[in-house]
Amino acid sequence: MNLSLTTRRKGTEVFLADLGDGTHGLPAHEASMPTEIRAHLTERHGLDTVYLGPLAHRSDGLRVHALEARGADDARGEWYDAARLARVAFAPGQPAGLVAERLSGGAALPEVPWTEPGWLARAGAWAEAELARHGTPATAEPEQLIVSPWACTLRIPAGDTHAFLKAAPHPFLYEPDLTALLRDRFPEHTVPLIARHPDEHWMLSLDIGEARVVEEDLTEEHLPIYRRALGSYARMQHRLAGETDALLALGVPDRRPATLPDLYDEILDDTYWLAGDLEGGIGEADQRRLRAYAPEFRATCEELAAAALPDTLLNVDWWHGNLSFRDQGDVMFDWAESVVGNPLYSLTTIDRVTEVGAMPEFFRDALAGTYLEAWEEWASPAELLRLRELARPGAILCRVQTWRQCVRLHADADRYARDRLSVAANLSRLLPLVK
């Protein structure tokens, strides 16, 4: 179930609906995406809102979303301040304590700036000024395209095109600067970046124009364009292999094989995020198996570090969901989950997409073959196949750490119990590799 917690007047009043039988509560709905939630609140309750972010995602499946009211007050319901709220009879299952806490008026998530009331207006004003300076003035208000604890993207109409403002969350503050570096070196493969905010870690880019986005099921017909993009990605990595110091200086995380054994131990010691107390988490028996695997994991990392492949930039979330295909150069976006490490770690999301059934195995194998061929200057085909297997555990750990960084943004982890499972789900991919 989804509930919307909407406040106004700097968070001093909350909107409640009359649920009948003398009880009140937050509006309930099936919608879970920001645009859908806002549309529901407009249609059913007359509310014009800005989506701030998720307030809770409990283990029982309940999601609570934070929103801020704006514009004229045409609400079909009532507003309650703290004094009046104390006298309200909440319907069973309603998060009364969370509602009272929300009247503080602060950010929905203290570590996530775009969950603060007023953030959208501030970001929109900066984007409007930068677009005007660029000669592409905004022609409508920003649209909230993506809003989550670890991602925020606004789409801004600008005449016959669009601009996109992306705000980098705390774990990925390097993304605007990294994107600028990539735009400078590989303009045909990077979004047209036109501005960066030095303090807010925002970046503003223009639409890339006509391109193909693959949203349908993958078939053999998609292989040529996917292989072309993967080949371009590998050539980018070749050029960046000698620039690891510069990449690390930008703040890109160091996930070279030698760094991973200590990170592995740290993750296993941080048992709260393994979610052993939740259905779908990693239980005690499997945690013991993973601990027993630590010496083998260390040996695997040491062997990979000694191999001939150069460390370079890689995006551990490289897949067609972050690609736009064009004949003049396939565009790769969303470099937030980039690290410096062994290039073969790049295949981890392609492996994951295959594991969940969203990519046929023959498709994955063809892509892996294309990618390994791109590294034959450094190792033989047989050696590359061996190194691919050695790289699998470390690649999985890179993805685990990305999610661990994201979910730890939550000020109250128990309120986001379901998100804890994302760490466990990724780490459990190691279990089939444990003998």
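Remember, it's a predicted structure, so these values are computed and weren't measured experimentally.
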Ion pair check, [X] and [Y], cut-off under 4.0 Å:
X    : Y    : value
R326 : E188 : no
R420 : D277 : yes
R228 : D327 : yes

Without swapping roles, check the side chain of [X] against the backbone of [Y] for a donor-acceptor pair under 3.5 Å.
X    : Y    : result
T42  : L47  : yes
S346 : P343 : yes
E68  : G118 : yes

Where at least one partner belongs to residues 236-253, residue pairs that pass salt bridge (Lys or Arg N to Asp or Glu O under 4.0 Å), sequence neighbours excluded: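 Non-adjacent pairs meeting salt bridge (Lys or Arg N to Asp or Glu O under 4.0 Å): R185-E243.
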
Is there a donor in the side chain of [X] and an acceptor in the side chain of [Y], or the other way round, less than 3.5 Å apart?
X    : Y    : answer
T35  : R38  : no
Q237 : Y371 : yes
T244 : R256 : no

Partner of I396 under side chain to side chain contact (heavy atoms under 4.5 Å, CB included), chosen from N426, L427, D351, L433: L433

So, [X] versus [Y], ring centres under 6.0 angstrom or not?
X    : Y    : answer
W375 : H238 : yes
W126 : W119 : no
F15  : H45  : yes

Value rounded to 0.5 Å, distance of NE2 in H189 from CE in M236: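 H189 atom NE2 to M236 atom CE measures 6.5 Å (nearest 0.5 Å).
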
Spacing of CG belonging to L230 relative to CG belonging to L372, to within rounding of 0.5 Å: 9.5 Å

Summary of ring pair (Phe, Tyr, Trp, His ring centres under 6.0 Å) pairs that have at least one residue in residues 329-370, sequence neighbours excluded: Y226-F363

Partner set under side chain to side chain donor-acceptor pair (under 3.5 Å) for T7, not counting sequence neighbours: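 In terms of side chain to side chain donor-acceptor pair (under 3.5 Å), with neighbours along the sequence ignored, T7 is linked to no residue.
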
